[in-house]
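Read through the structure below, which is laid out as structure tokens, and then see the notes.
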Amino acid sequence: MATTRIGHDRLPPAARAAVEEHTGPLLTIEETAEGFNSEISSRVTSTTGTWHIKGLRTDHPRAWTQHREATIAPFLTNLAPALHWRVETAGWDLLGFEALNGHHANYAPNSPDLPEVATLLRRLNETPCPDIELRQAEQRLEHYAAHPDDLRHFAGTRLLHTDLNNTNILVNAHAPQGDQARLVDWAWATRGAAWLDAGYWTIWLIAAGHTPASAEHWAAEIPAWHTAPAEGITAFAAANANIWSDISNSNPDPWTLRLATAADAWHAHRRTG
């Protein structure tokens with residue numbers, strides 16, 4: 001479920017003052033609508049720079065996501081916005097990230113963003129998984145796999161993002177070609193088989209209008225995809241069909257239903273294609 005968003009001006013005075021110790025007095029505050037996990041999400045500017053601030057109350061049920069993002073940020077060079085500072089005061093945990101320019105990735109067929117996203121996922125595959133606490137992919141999928149033996153396909157030692165929603169990828173068309181895309185929102189970072197992020201991307205591509213075959217064509221742009229056994233990909237498609245069925249039944253709105261339909265279409269393609 002989405003977290004209720006509040007404005008930056010509703011932070012306690014002590015929290016706002018702690019932020020301005022890093023930024024200086026704020027000149028502009030632009031609240032951002034994207035994302036589901038943060039109570040505070042804003043782009044702020046002072047005379048010394050611009051930052052993207054994400055925040056949750058320290059007693060929020062998903063407060064762990066702030067810690068996860070802060071812990072993993074130092075290992076994400078050339079993959080994600082840099083984390084410049086963290087404020088934990090007055091009951092709030094606030095992260096100050098580099099403010100990126102660009103647009104949310106367009107996953108539609110023939111989008112010029114698709115090669116940039118594929119390049120980004122290749123860079124992610126080449127990034128060592130840090131020795132920090134992360135959930136294992138097979139743990140996250142254990143309640144959704146069609147058969148317990150399927151979980152062996154998902155196990156691995158590579159760093160995964162796992163939430164390939166197009167709003168989590170920012171593309172700066174003015175940056176050098178091949179280095180335009182960055183991944184944000186690492187709360188669900190996971191350790192597992194290297195090909196899984198290409199699989200997660202496949203579902204979002206189908207939801208954006210691709211056929212399952214076209215989506216798998218783009219997944220194949222990531223070399224790790226070719227290390228996956230066919231039965232492992234089919235097992236992953238089945239597990240995600242179950243995940244999105246559960247999500248859409250619990251929270252039936254247009255975007256969850258769209259993802260459930262896409263996941264079902266991919267699973268059907270794997271069974272019959």
Side-chain angles (χ1 to χ4, degrees), residues 1-2 34-37 104-111 113-114 117-118 120-121 124 135-156 160-169 183 185 187-190 192-222 224-273:
M1 295 293 288
E34 292 80 12
F36 300 103
N37 294 320
H104 296 302
N106 179 355
Y107 284 172
N110 302 314
S111 166
D113 293 345
L114 297 177
V117 177
L120 175 65
L121 294 180
L124 173 54
R135 290 196 71 188
Q136 297 289 138
E138 65 272 25
Q139 293 174 325
R140 288 186 54 191
L141 294 166
E142 64 180 335
H143 298 301
Y144 300 99
H147 306 286
D149 191 50
D150 290 344
L151 297 174
R152 62 190 169 89
H153 296 298
F154 313 143
L160 306 170
H161 183 277
T162 77
D163 187 3
L164 273 294
N165 185 330
N166 70 296
T167 63
N168 283 338
I169 298 184
L183 267 165
D185 196 350
W188 295 98
T190 298
W195 58 272
L196 292 185
D197 269 335
Y200 284 115
W201 190 32
T202 296
I203 299 167
W204 284 94
L205 290 172
I206 297 169
H210 291 257
T211 65
S214 169
E216 288 190 357
H217 166 80
W218 279 105
E221 291 292 307
I222 291 84
W225 180 255
H226 301 282
T227 69
E231 65 269 23
I233 297 173
T234 301
F236 184 69
N240 277 277
N242 290 333
I243 288 171
W244 283 107
S245 174
D246 190 30
I247 292 172
S248 63
N249 286 333
S250 299
N251 184 26
D253 63 27
W255 81 269
T256 61
L257 294 170
R258 181 167 55 90
L259 268 294
T261 299
D264 282 343
W266 188 31
H267 186 211
H269 171 76
R270 295 298 309 179
R271 291 200 315 269
T272 62

Hey, mind stepping through Trp244 and Leu257 against side-chain contact (heavy atoms from CB on, under 4.5 Å) and telling me if it holds? CA-CA 8 Å; Trp244 283 107; Leu257 294 170; over 6 Å; no

In sequence, state the C-alpha distance, the side-chain angles, and the governing distance for Trp225 and Thr202, and then conclude on side-chain contact (heavy atoms from CB on, under 4.5 Å). CA-CA 11 Å; Trp225 180 255; Thr202 296; 4.3 Å; yes

I would like to know whether Leu183 and Leu164 meet side-chain contact (heavy atoms from CB on, under 4.5 Å); could you show each step before the answer? CA-CA 9 Å; Leu183 267 165; Leu164 273 294; 4.3 Å; yes

Would you sort out whether Tyr107 and Ser111 count as a side-chain contact (heavy atoms from CB on, under 4.5 Å), showing the intermediate values? CA-CA 6 Å; Tyr107 284 172; Ser111 166; over 6 Å; no

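Arg270 and Glu216 are joined by a salt bridge, as a carboxylate oxygen and a charged side-chain nitrogen come within less than 4.0 angstrom of each other.
A distance of 12.5 Å separates CZ of Arg258 from CD1 of Ile203, quoted to the nearest 0.5 Å. In this structure, CD on Glu231 lies 9.5 Å from CG on Asp149, to the nearest 0.5 angstrom. In this structure, Trp201 CH2 and Trp195 CH2 are separated by 16.0 Å, a value rounded to the nearest 0.5 Å.
Of all the heavy atoms in Ala263 and Ala241, the pair that sits closest is CB-CA, 3.8 Å. Closest of all the heavy-atom pairs between Ala137 and Gly192 is CB-CA, 4.0 Å. The two atoms that bring His153 and Pro229 nearest to each other are ND1-CG, 3.6 Å, heavy atoms only. When all heavy atoms of Ile206 and Ala265 are compared, the closest pair comes out as CG2-CB, 4.4 Å. For the pair Leu114 and Ala108, the tightest heavy-atom approach, listed with the atom from each and the gap, is CD1-O, 3.6 Å. For the pair Ala262 and Ala207, the tightest heavy-atom approach, listed with the atom from each and the gap, is CB-N, 3.6 Å.
The shortest side-chain heavy-atom distance between Asp246 and Tyr144 falls under the 4.5 Å cut-off.
Considering Ile243, Ile247, Asn249 in turn, Asn249 is the only one that fulfils the side-chain contact (heavy atoms from CB on, under 4.5 Å) rule with Ser245. Of the candidates Leu121, Asp185, Val117, Asp113, Ile169 forms a side-chain contact (heavy atoms from CB on, under 4.5 Å) with just one, namely Val117. When the options Ile222, Asp197, Leu160 are evaluated for a side-chain contact (heavy atoms from CB on, under 4.5 Å) with Leu124, the one that passes is Asp197.
Side-chain contact of Arg140 with Thr190: a donor-acceptor pair under 3.5 Å is present, judged by distance alone. Looking only at atom types and distance, the side chain of Thr256 has a donor-acceptor partner in the side chain of Asp253 under 3.5 Å away.
Distance alone, capped at 3.5 Å, is enough to place a donor-acceptor pair between the His226 side chain and the Ala220 backbone. Side-chain atoms of Thr162 never come within 3.5 Å of backbone atoms of Ala189 as a donor-acceptor pair (strictly under, hydrogens ignored). The backbone N or O of His147 sits less than 3.5 Å from a side-chain atom of Asp150, completing a donor-acceptor pair. Counting only distance, with no hydrogens or angles, the side chain of His161 and the backbone of Asp163 share a donor-acceptor pair below 3.5 Å. Proximity of a side-chain donor or acceptor of Thr227 to a complementary backbone N or O of Ala224 within less than 3.5 Å is detected.
Ring orientation note: the planes of Phe154 and Phe236 are nearly perpendicular, at an angle over 60° on the 30°/60° scale.
A ring-centre distance under 6.0 Å is not found for Trp266 and Trp204.
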